[in-house]
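Okay, structure first, notes after.
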Amino acid sequence: MLPSLPPKRAFEMVQNGEARLVDVRESSEYAEKFIPGSRLIPLSAIATQNVNDCETKDKPIIFFCRSGNRTTKSSDLLERAAGNVQAFQIEGGLSGWEKEGLPVERGNASFPLFRQIQIGAGSLVLIGILGSFIWYPMYWLSAFIGAGLIFAGVTGFCGLGLLLSRMPWNRH
C-alpha cells in the first residue's frame, strides 16, 4: 500500500525538488485540468511506461488520480512501476489538492464525450415522449434510444457515441 501524503506536504516536496508528481488519470481527464509540472502516465498504460526517467530517477514519486480511489486500488501496480524508488500517493488526489487551494491549470478540453452522449440520448427520449402528444408514432424514438442504450451497455459499442465523437467540436 502506498503511503499517503497530505496535499500541502506533497506540494512542498515538489517545490523543493525533493519529489516528482505522476498523474495516473486518463488523457481526457488530464486535458480538463492538471497539476502544473506533473507527468501524465495513465494507469491503463503504466505497466508499459518507464516511470523513472533519466534526470530524476532517484527522486521519490508521488502518484495521484482524481479522488485517490484509483491510486489506492492500484497501489501494488504503482509500487512495482516505481521500482526501487520511494513512492507515495496524495490524500484525496487532485480533488484534495484543489481543496487545499494548491495550483491547478485548466486545459481546453472539449465537453467529455460520455456527458455528450447522456445529453444527446436524454434529449432524444424527451423529444420522443413530448412529440408523441402531437404525433403518436413519435414514441418509437424513445423506444429506439432505450434499445440503443441497452445494446451499448451489453456490447460496449455505442453508435451515438461514435456519431458524437465525429462532430466538429470533438476534433483536435
Side-chain angles (χ1 to χ4, degrees), residues 1-2 4 6-7 10-11 21-49 51 62-78 80-81 89-172:
M1 180 77 142
L2 290 173
S4 293
F11 178 71
L21 290 171
V22 174
D23 189 336
V24 298
R25 298 173 304 142
E26 295 302 316
S27 57
S28 60
E29 295 172 281
Y30 185 86
E32 290 177 30
K33 61 183 163 186
F34 58 93
I35 297 174
S38 63
R39 179 176 172 199
L40 175 66
I41 305 177
L43 196 57
S44 60
I46 202 130
T48 62
Q49 299 292 316
V51 177
I62 303 172
F63 293 103
F64 70 95
C65 60
R66 184 182 53 80
S67 66
N69 289 337
R70 276 179 278 185
T71 309
T72 299
K73 288 179 184 175
S74 304
S75 62
D76 291 340
L77 172 66
L78 296 173
R80 283 193 304 275
Q89 64 178 321
I90 297 174
E91 288 175 5
L94 180 61
S95 297
W97 182 276
E98 279 187 295
K99 284 180 186 173
E100 293 291 328
L102 298 170
V104 173
E105 285 188 28
R106 302 217 181 270
N108 57 356
S110 63
F111 211 44
L113 182 60
F114 188 71
R115 289 183 55 198
Q116 292 177 39
I117 293 168
Q118 290 173 322
I119 292 167
S123 298
L124 290 172
V125 168
L126 186 59
I127 288 168
I129 291 170
L130 295 176
S132 69
F133 290 116
I134 297 167
W135 186 52
Y136 181 70
M138 191 77 154
Y139 75 91
W140 284 105
L141 176 62
S142 298
F144 176 74
I145 295 300
L149 290 171
I150 292 169
F151 177 79
V154 171
T155 65
F157 175 78
C158 179
L160 184 57
L162 181 64
L163 176 68
L164 288 173
S165 70
R166 301 206 186 284
M167 292 298 181
W169 58 81
N170 279 326
R171 298 206 176 139
H172 300 300

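The basis for the numbers below is simple: all heavy atoms, side chains too, and nothing from hydrogens, waters or symmetry mates. Residue numbers start at 1 and run along the sequence shown.
Summarising the geometry, atom CG belonging to Leu94 is positioned 10.5 Å from atom OG1 belonging to Thr71; distances are rounded to the nearest 0.5 Å. To the nearest 0.5 Å, atoms CG (Leu149) and CD (Gln118) are separated by 9.5 Å. Rounding to the nearest 0.5 Å gives a distance of 15.0 Å between CZ of Phe64 and CD of Glu91. With rounding to the nearest 0.5 angstrom, the CG atom of Leu21 is 10.0 Å from the CZ atom of Phe11. Within the model, atoms CG of Leu141 and OG of Ser132 stand 10.0 Å from one another, a figure rounded to the nearest 0.5 Å. For the atom pair OG1 of Thr48 and CD1 of Ile41, the computed distance is 9.5 Å after rounding to the nearest 0.5 Å.
In this structure, Ser75 and Leu2 approach most closely via the heavy-atom pair CB-N, 3.6 Å. Across every non-hydrogen atom of Pro36 and Val104, the tightest pair is CD-CA, 4.1 Å. Of all heavy-atom pairs spanning Ser67 and Ser95, the tightest one is CA-OG, 4.5 Å.
By the neighbour-count criterion of 12 heavy atoms within 6.0 Å, atom CZ of Arg66 is sparsely surrounded, having that number or fewer from other residues, nucleotides or ligands.
For the pair Trp97 (side chain) and Pro103 (backbone), a donor-acceptor distance under 3.5 Å is present.
A 4.5 Å side-chain heavy-atom check between Leu130 and Met138 finds every atom pair outside the cut-off. By the 4.5 Å heavy-atom criterion applied to side chains, Thr72 and Asn69 are not counted as neighbours. Between Pro42 and Tyr30, every side-chain heavy-atom pair lies at or beyond the 4.5 Å cut-off.
Screening residues 96-107 for salt bridge (Lys or Arg N to Asp or Glu O under 4.0 Å) gives Lys8-Glu100, Lys33-Glu98, Glu98-Arg106 as the qualifying pairs, with residues at least two apart or on separate chains. Sorted by first and then second residue, the pairs that involve residues 34-45 and meet salt bridge (Lys or Arg N to Asp or Glu O under 4.0 Å), not counting sequence neighbours, are Arg39-Asp53.
The pair Arg25-Glu32 does not count as a salt bridge, with every side-chain nitrogen at least 4.0 angstrom from each carboxylate oxygen.
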